[in-house]
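Structure, as structure tokens:
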Amino acid sequence: PRCRRPGVACYCAHVTTIPTRTRVVVLQHPRERHKAIGTARIAAACLPAAEIRVGVDFTHDARARALLSDPQAPAVLLYPAPDARDLKRDPPRGPVTLVVLDGTWNQARSLLRRNPWLERLPKVAFAPEKPSEYRIRRAPREDFVSPLEAMVHALGALEDGAPARFEALMAQF
């Protein structure tokens, strides 16, 4: 029930818990919630400081708004926008709340349109060193990766430059 996968494809026995100082908040489009191929559940299973919020408009989601307004861990949006700060060259100092949009690329853009306050968050991005390993869905560009792969890259840059520590997330993937 935890991974919502059939017994023969269950990855729960292989989950590695990885504590972080970075809080991860996944804003998941409702159409992704029950997808067996979704990667957000892998991240939530591995990262104690991760939480998934499901919806389209998070304006009235008190929990999501509280998580994203913590002054001790200011929110940054992981999104490949032209004005995004490069995580590898210039990571934010101190603990942050990493906001990840989970859905297809069209759904992610829809989440941004429906939540204009997300657009005002500082954006962070990275240039992947290799193409995505996610073969089930096609990305609109070769340099786009799945939300889980993006979290691995982002956490590696945010957590004192220890990217290898987060490769364990990819085992379930």
Side-chain angles (χ1 to χ4, degrees), residues 20-33 35 37-44 46-47 49-61 63-134 136-159 161 163 166 169-170 173:
T20 62
R21 67 184 174 119
T22 302
R23 176 189 297 133
V24 177
V25 177
V26 177
L27 300 179
Q28 186 177 63
H29 194 280
R31 290 185 186 160
E32 286 298 303
R33 181 179 213 164
K35 297 269 187 206
I37 59 174
T39 60
R41 278 192 304 279
I42 294 172
C46 294
L47 303 171
E51 188 168 329
I52 300 173
R53 304 299 300 168
V54 179
V56 174
D57 183 349
F58 294 94
T59 305
H60 302 291
D61 183 328
R63 177 71 181 153
R65 296 299 292 240
L67 289 167
L68 303 186
S69 62
D70 180 358
Q72 301 302 313
V76 295
L77 178 64
L78 181 59
Y79 196 78
D83 62 338
R85 180 178 183 172
D86 186 298
L87 275 173
K88 291 186 179 180
R89 286 187 314 196
D90 187 23
R93 302 289 173 241
V96 298
T97 298
L98 184 67
V99 181
V100 179
L101 304 179
D102 184 43
T104 65
W105 283 100
N106 284 335
Q107 291 166 351
R109 283 190 290 273
S110 173
L111 289 174
L112 276 178
R113 277 193 308 275
R114 294 291 296 269
N115 300 278
W117 53 274
L118 285 173
E119 277 283 350
R120 293 188 290 275
L121 291 177
K123 291 169 200 66
V124 294
F126 60 90
E129 295 165 4
K130 60 183 182 175
S132 175
E133 294 181 35
Y134 197 47
I136 296 171
R137 291 182 177 163
R138 290 192 56 203
R141 291 186 4 201
E142 284 293 316
D143 60 338
F144 284 8
V145 296
S146 73
L148 181 66
E149 291 169 305
M151 285 183 251
V152 168
H153 287 288
L155 289 169
L158 291 168
E159 297 278 323
F166 298 98
L169 285 167
M170 297 300 291
F173 182 65

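Only this structure's heavy atoms are used, side chains among them; waters, hydrogens and symmetry mates stay out.
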Which value, rounded to the nearest 0.5 Å, describes the distance between Trp117 atom CH2 and Leu77 atom CG? 9.5 Å
Side chains of Asp102 and Val54: closer than 4.5 Å at any heavy-atom pair? no
For the CG atom of Leu27 and the CD atom of Gln107, what is their distance to the nearest 0.5 Å? 13.0 Å
Answer yes or no: is there a side-chain heavy-atom contact under 4.5 Å between Val124 and Val96? no
Return yes if some donor-acceptor pair links the side-chain N/O of Glu159 with the main-chain N/O of Thr20 below 3.5 Å, else return no. no
State, with a plain yes or no, whether a side-chain heavy atom of His153 is found less than 4.5 Å away from one of Leu87. no
Look up atom CD1 in Ile52 and atom CZ in Arg41, then write down how far apart they are to the nearest 0.5 Å. 7.5 Å
Mind listing the closest non-hydrogen atom pair of Leu78 and Ala125 along with its distance? CD1-CA, 4.3 Å
Kindly compute the distance separating CD (Glu51) from CG (Leu67), expressed to the nearest 0.5 Å. 5.0 Å
Qualifying residues under side-chain contact (heavy atoms from CB on, under 4.5 Å), relative to Asp86, sequence neighbours excluded: Lys88, Arg89
Between Leu118 and Leu101, does the side-chain contact (heavy atoms from CB on, under 4.5 Å) criterion hold? Intermediate values first, please. CA-CA 10 Å; Leu118 285 173; Leu101 304 179; 4.2 Å; yes
Look only at the side chain of Arg53 and the backbone of Phe58, and say whether a donor-acceptor pair between them is shorter than 3.5 Å. no
Spell out, as yes or no, whether a donor-acceptor pair under 3.5 Å connects the side chain of Arg23 to the backbone of Arg21. no
Shortest non-hydrogen contact from Leu158 to Pro92? CD2-CD, 3.6 Å
Answer whether the closest heavy-atom distance between the side chains of Arg85 and Val76 falls below 4.5 Å. no
Please report the shortest heavy-atom distance between Ala49 and Thr22, naming the atom on each side. CB-O, 3.7 Å
Heavy-atom side-chain contact between Tyr79 and Glu119 under 4.5 Å: no
Test item: side-chain donor near acceptor, Thr104 and Asn106, under 3.5 Å: no
Pair Asn115-Asp57, side-chain contact (heavy atoms from CB on, under 4.5 Å): steps then yes or no: CA-CA 6 Å; Asn115 300 278; Asp57 183 349; 3.4 Å; yes
Start with the C-alpha distance between Gln28 and Leu111, add both sets of side-chain angles, then the distance that settles side-chain contact (heavy atoms from CB on, under 4.5 Å), and finish with yes or no. CA-CA 9 Å; Gln28 186 177 63; Leu111 289 174; over 6 Å; no
With rounding to the nearest 0.5 Å, note down the distance linking CZ in Arg65 to CG in Asp70. 14.0 Å
